A.B. asks: 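Please read through the structure below; I'll follow up with questions.
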Amino acid sequence: MSELRHNTFEDEDLIRPIEQTGPGFYLMVAILLGVIVFAGYTYIRQVFLGLGVTGLAQPVSWGFYIINFVFFIGISHAGTLISAILRLSKAEWRRPITRMAEVITAIVLAIGGLHPILDLGRPDRMLHLFTEGRLQSPLLWDVTSITAYFAASTVYLYLPMIPDIAILRDRGTRPRWLYEFLAWGWRGTEHQKKVLERAINILMVMVIPIAISVHTVISFIFSMTIQPGWHSTIFGPYFVVGAIFSGIAALLIVMIAFRKAFDLGKYLKLIHFQYLSTLLLIMSFLWFYFTFAEYLTGFYGHEPNEMRVFLYKFTGDYAPWFWTMGICNFLIPVVILVNPKTKKIPGILIASISVVIGMWLERLIIVVPSLANPRLPYPTGIYIPSLTEWSLFAGGVAVFILAYMLFAKLFPIISIWEIQEGREESVHAVAERLKSYLPDPPSEQLLTEKLGSKR
Amino acid sequence: MPKWGMVIDLNKCTGCGECVTACKVELNVPVVGPEESAKGRTILCMDILSTYEGEFPEVKMRHMPRPCFHCEHPPCTKVCPVRATYKNDEGIVAQIYPQCIGCRYCQVACPYTVKHFNWTKPEWPEERCEALNPDVSVRPEGVVEKCTFCVHRLQKAKEQAAVDGRDLREGDYVPACVESCPTKAMYFGDLDNPKHKVSQLKKSHRAFRLMEDLGTEPKVYYLSEVE
């Protein structure tokens with residue numbers, strides 16, 4: 001008990017935000033609720049009046065909702081995938097990061113997963129997907145894959161939270177019944193620890209292929225059609241790379257925000273940001289490589305329909321967005337992150353925000369230009385999203401921030417027990433591991449054998 | 001099973017637009033008004049594509065009526081998540097309006113862009129409401145629709161033939177656009193039946209289909225213009 005008290009004292013900073021609430025919190029909640037209520041109103045209006053209230057038309061009949069769907073699901077790759085990879089590779093610096101990452105996944109996945117419903121002309125018939133669903137349609141693959149990812153990632157978020165919830169329960173933090181229930185009878189026995197560790201290990205291996213499948217399948221919605229600009233074999237990996245890219249950027253933004261708001265500089269040190277932003281830099285190069293390969297293939301083949309979409313992006317109506325995307329996704333992050341002088345928190349924040357904007361633009365650039373350039377000579381207009389679409393976009397972002405704030409209000413945003421574990425066990429474990437990497441010192445038996453053979 | 005198809009002689013087509021009007025009336029296509037129309041919300045199950053060739057004053061204008069091509073391998077039916085669009089036994093690509101969830105995936109997957117979405121509640125001028133075609137269901141807002149090859153006429157023709165105790169003859173079943181064409185530029189019938197005019201015309205050296213390289217095998221043939 002004395003040890004527990006000692007530890008919780010040491011990590012008091014992580015629990016304080018749960019037990020003390022400032023006026024800023026309520027102000028933020030009120031503002032966000034306002035945005036959400038307005039978005040809810042515009043959505044109900046859309047349900048009654050039909051999708052005519054959007055800016056969609058012939059031939060651009062997919063717009064903001066599908067763009068945001070791909071965007072949000074992309075952000076969701078921040079969490080579970082990164083956390084699982086870091087855990088799997090035994091990266092010790094992951095400890096203060098994993099939970100924040102996993103929370104992003106759970107929330108954004110729920111928001112992104114609902115976006116296709118916003119896009120439906122007949123949301124009242126949504127259940128047809130289950131009663132009459134055709135598994136031959138990529139949309140059904142999406143439903144399957146996203147629900148699997150959501151289930152896996154929420155469990156993967158919850159399991160490592162149990163010991164922390166037990167700490168809150170033992171402190172008597174309110175609401176007591178909640179922590180009592182969610183702690184699931186955790187007492188920290190050896191057996192419980194063993195079971196928990198195994199469960200986390202199984203999940204982290206399982207979650208990686210599921211996460212990759214999610215964005216691959218989302219890209220299949222586009223690449224399975226034969227439309228110019230969409231029908232591309234690299235779309236699967238291209239989308240996955242873009243998703244991880246935007247995910248890391250979102251994670252960095254969230255980390256910087258909480259570092260400031262909860263004063264967590266002790267836990268989230270510069271080194272964590274620098275490691276993670278190195279990953280961001282690598283993804284930026286990878287993104288550029290994929291984008292280059294994708295567009296060069298289209299351009300070199302010079303197929304007329306492909307070229308119309310290509311020129312629409314490079315020099316046509318979408319050129320401003322296209323080049324902004326290039327600047328946001330490549331130029332800005334690379335310039336900031338290769339220079340050790342600018343690779344500090346403010347620079348990393350700018351690079352991350354720029355990447356999130358750039359990746360949103362990429363989704364826009366994938367969805368709209370292919371639709372705006374039909375093969376046959378139809379009159380085409382320019383797609384301008386309406387207030388309804390903007391407000392639902394703002395609503396989605398507001399739901400994300402609000403849900404994240406509520407989570408941080410109820411649970412520690414940094415895994416306390418994993419920090420403790422790092423402090424108490426890892427230093428020794430890592431030293432041992434390091435030794436195991438090094439060439440073994442010659443043992444006495446081996447020495448005598450060698451000497452013997454020489455003789 | 002017959003394989004219904006259409007042949008359009010571009011040499012005879014004047015681009016008058018009669019087929020477009022006949023289609024609108026026959027299929028109870030809602031009227032959207034100038035404001036919505038400017039946004040690109042007009043529903044055209046039959047459309048006329050116009051292209052201009054050359055520079056002024058040597059300009060040539062070409063017209064091409066465009067129904068749904070009722071592909072043998074439709075890219076649209078493949079992607080439908082709820083089987084609201086499918087190819088029936090006689091090769092007609094049909095829509096089931098009460099089944100459609102309005103995701104518009106079929107619309108974006110169609111390489112010919114023939115599918116249209118009902119963005120708003122269907123509306124007609126008051127006098128038109130009394131003249132709606134009772135054989136065709138009115139689509140609610142939020143579903144996708146397109147040219148049906150006037151499949152309701154096939155239903156009627158089959159029933160009439162059954163009453164008369166005979167087989168379906170050529171000309172018993174023709175869509176409204178074909179029937180209305182003032183220059184008789186459009187032909188309709190069974191592409192597999194050698195006695196039908198369309199199956200002879202599709203072998204013409206002038207016959208071609210749109211975007212044959214996509215492998216969709218449209219069932220609408222065009223006869224190219226002769227200079």
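Proteins come first, then strands; the chains are lettered A, B, ... in the order of their sequence lines, and each starts at number 1. Since this is a predicted model, take the numbers as computed values, not measurements.
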A.B. asks: If you measure only the distance, is there a donor-acceptor pair under 3.5 Å linking the side chains of A/Arg134 and B/Tyr86?
C.D. replies: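 Per modelled atom types, A/Arg134 and B/Tyr86 side chains form no pair under 3.5 Å.
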A.B. asks: For the atom pair SG (B/Cys103) and CH2 (A/Trp62), what is the distance rounded to the nearest 0.5 Å?
C.D. replies: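 The CH2 atom of A/Trp62 is 6.5 Å from SG of B/Cys103, to the nearest 0.5 Å.
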A.B. asks: Could you please spell out the steps behind the side-chain contact (heavy atoms from CB on, under 4.5 Å) verdict for A/Leu139 and B/Val82?
C.D. replies: CA-CA 10 Å; A/Leu139 272 186; B/Val82 293; over 6 Å; no
A.B. asks: Under the 3.5 angstrom rule, does the side chain of A/Thr225 hit a backbone N or O of B/Ala109 as a donor-acceptor pair?
C.D. replies: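 A pair under 3.5 Å: no.
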A.B. asks: Just one of A/Arg125, A/Arg122, A/His128 clears the side-chain contact (heavy atoms from CB on, under 4.5 Å) bar with B/Gln99, so which one?
C.D. replies: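 The residue from A/Arg125, A/Arg122, A/His128 that satisfies side-chain contact (heavy atoms from CB on, under 4.5 Å) with B/Gln99 turns out to be A/His128.
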A.B. asks: For A/Pro138, does its backbone N or O pair with a side-chain atom of B/Tyr105 as donor and acceptor, under 3.5 Å?
C.D. replies: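 Not at all, since once roles are kept as given, no pair shorter than 3.5 Å links the two residues.
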A.B. asks: What part of B/Thr113 is in contact with chain A, defined as an atom under 4.5 angstrom from a non-hydrogen atom: side chain, backbone, both or neither?
C.D. replies: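 Interface part for B/Thr113: both.
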A.B. asks: Closer than 3.5 angstrom, by distance alone: can the side chain of B/Trp119 be matched with the main-chain N or O of A/Thr54 as a donor-acceptor pair?
C.D. replies: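 No, the answer is negative, given that no donor and acceptor are paired below the 3.5 Å cut-off.
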A.B. asks: Below 4.5 Å from any heavy atom of chain A, which atoms of B/Pro81 appear? Answer side chain, backbone, both or neither.
C.D. replies: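 Both parts, backbone and side chain.
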A.B. asks: Measure distances from B/Ile43 to the heavy atoms of chain A and classify the residue's part below 4.5 Å as side chain, backbone, both or neither.
C.D. replies: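 B/Ile43 has no heavy atom closer than 4.5 Å to chain A.
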A.B. asks: Distance-only, no hydrogens or angles: does the A/Gln227 side chain make a donor-acceptor pair with backbone N or O of B/Val108 under 3.5 Å?
C.D. replies: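 Such a contact is found between A/Gln227 side chain and B/Val108 backbone.
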A.B. asks: Indicate yes or no: at least one non-hydrogen side-chain atom of A/Phe48 is less than 4.5 angstrom from one of B/Glu141.
C.D. replies: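 Side-chain contact under 4.5 Å: no.
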A.B. asks: With rounding to the nearest 0.5 Å, note down the distance linking CZ in B/Arg104 to OG in A/Ser61.
C.D. replies: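 Answer rounded to 0.5 Å: 5.5 Å.
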A.B. asks: Any idea which of B/Cys110, B/Ala84, B/Cys80, B/Pro75 has the most non-hydrogen atom pairs under 4.5 angstrom with chain A?
C.D. replies: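 Looking at each of B/Cys110, B/Ala84, B/Cys80, B/Pro75 in turn, B/Cys80 comes out on top.
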A.B. asks: In terms of heavy-atom proximity below 4.5 Å to chain A, should B/Asn118 be classed as side chain, backbone, both, or neither?
C.D. replies: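 Neither the backbone nor the side chain of B/Asn118 comes within 4.5 Å of chain A.
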A.B. asks: Heavy-atom distances under 4.5 Å only: say whether B/Cys76 touches chain A with side chain, backbone, both or neither.
C.D. replies: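 Contact with chain A is absent: no heavy atom of B/Cys76 under 4.5 Å.
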A.B. asks: Using a 3.5 Å distance criterion without hydrogens, assess whether the side chain of A/Gln58 forms a donor-acceptor pair with backbone atoms of B/Lys115.
C.D. replies: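 Judged by distance alone, yes, a pair lies under 3.5 Å.
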